[in-house]
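Read the structure below first, then the notes.
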Amino acid sequence: MQNIIIYAFVTLYCCKVSLSSIEISPCAKWNPDGITTAGTGTIGDGPTQLTTPKGIFLLKRTNELYVADFGNQRVQKFSLNSPSSPATTVAFGINAPSKIYVDDDKDEPTIYISVFIGNRVEKWLKGALEGIQLGGECRSCFGITVDEENNVYMSESDRHRVVKWSPQTNLTTVVAGQTDEGGTDDKYLSKPDGLYFDRSSNALYVADSGNSRIQKWEKNALSGIQVAGGNLTGEDAGSLDAPNGVWVDEKTKVVHIADEDNHRIVRWLPGASIGDIIAGGQGMSQRTSHFRKKRKRI
Ligand SMILES: *[C@@H]1O[C@H](CO)[C@@H](O)[C@H](O)[C@H]1NC(C)=O
Ligand SMILES: *[C@@H]1O[C@H](CO)[C@@H](O)[C@H](O)[C@H]1NC(C)=O
């Protein structure tokens, strides 16, 4: 029954959009089996390994995948054009990098890193041996994203807010949530995690982890608009469970979510009251055993 509803919704939605300018169709079907693109599946600090990776950023121009290698206190860069090559370390000695953003404006990638235990955001220029701290403290720093003017947005999970740091003024202002006060009302956030800034509409999307929903905060808004989840915490199609990452297709406004405690990636179309699963969603232990079986075959 649920499948029929999802199918009907997707079909209706697809009829309304022109597919010509779109890179990822909102109706795209995804292969249920994944392909390992970074890491080996075994914990370690070797050049092909990762330990508790927390964040990724795909730089489309070079087809390189940057990974916040949380447990190894470094950021690794993998070339997707030669998947068997070892990774390059592009930032190191970082006290628990959680999420990353790579800015490619000047053909020289600059890496922005939220440093979870170090409670700050660092900017690493190409080839740097150390990072530059941006602004003051970012307590229990998780999400990070950057807009066209190089303003940096950071989520402070324990303070239930998202702040914006301006490189012009070196000032930090609160742009979403209420400082040190979590709540469920639309002016609140609770344990905000991953962020996405949609440059085409100047809207900030927040993985509102503690409320199991995704909120959209428009420029200068005093409250957020729910775009996914919110049907309490759960594993049904209308719910999320502690989402920690969000990515928005700026052309279609389809929201893609790392639904952490449901162990799945889900997609929510604009205006939808339910999402559909793109990857995972088989529970944790089953997925792990499936993964092990596949590795044995190789
Ligand atoms: C920017 O602000 C931070 C604290 O908010 C301060 O530690 C730092 O020195 C300032 N940087 C400059 C260049 O003024
Ligand atoms: C919302 O949650 C309730 C209770 O968990 C569940 O029965 C219902 O199916 C959910 N609605 C949707 C649209 O998923």
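Whatever order the structure lists them in is the order used to number ligands and atoms, beginning at 1. Note that these values count all heavy atoms, side chains included, but never hydrogens, waters or copies made by symmetry.
Using a cut-off of 4.0 Å between Lys/Arg side-chain N and Asp/Glu carboxylate O, Lys191 and Asp158 are scored as salt-bridged. The pair Lys126-Glu108 does not count as a salt bridge, with every side-chain nitrogen at least 4.0 angstrom from each carboxylate oxygen. Note on Arg139 versus Glu156: no salt bridge recorded, every NZ/NE/NH1/NH2 to OD/OE distance being 4.0 Å or above. Ion pairing between Lys216 and Asp198 fails under the 4.0 Å rule for side-chain N and carboxylate O.
Within the 4.0 Å heavy-atom shell around ligand 2 one does not find Leu232.
The closest protein non-hydrogen atom to atom 13 (C) of ligand 1 is Asn170 ND2, 4.4 Å. Summary of contacts: the protein heavy atom closest to atom 7 (O) of ligand 1 is Gly135 O, 4.9 Å. With hydrogens left out, the protein atom closest to atom 5 (O) of ligand 1 is Gly136 N, 3.6 Å, a heavy atom.
Within a 4.0 Å radius of atom 2 (O) of ligand 1, the protein contributes at least one heavy atom.
The distance from ligand 2 to the heavy atoms of Asn231 drops below 4.0 Å at these ligand atoms: 1 (C), 2 (O), 3 (C), 8 (C), 10 (C), 11 (N), 12 (C), 14 (O). Of all the atoms in ligand 2, the ones that sit under 4.0 Å from a non-hydrogen atom of Asp236 are 1 (C), 2 (O), 5 (O), 10 (C), 11 (N), 12 (C), 14 (O). Atoms of ligand 2 lying under 4.0 Å from any heavy atom of Ile274, numbered from 1 in the order shown and given with element: 13 (C). Taking a cut-off of under 4.0 Å to the non-hydrogen atoms of Gly238, the atoms of ligand 2 that pass are 12 (C), 14 (O).
Of the possible polar contacts, one joining the Ser155 side chain to the Asp193 backbone as a donor-acceptor pair under 3.5 Å is found.
Backbone and side-chain nitrogen or oxygen atoms of Ser239 are examined, and none is located within less than 3.5 angstrom of a nitrogen or oxygen of ligand 2.
Aromatic ring pairs are classed by plane angle as parallel below 30°, tilted from 30° to 60° and perpendicular above 60°; the pair Phe116 and Phe70 is tilted.
A distance of 6.0 Å or more separates the ring centres of Trp217 and Tyr153.
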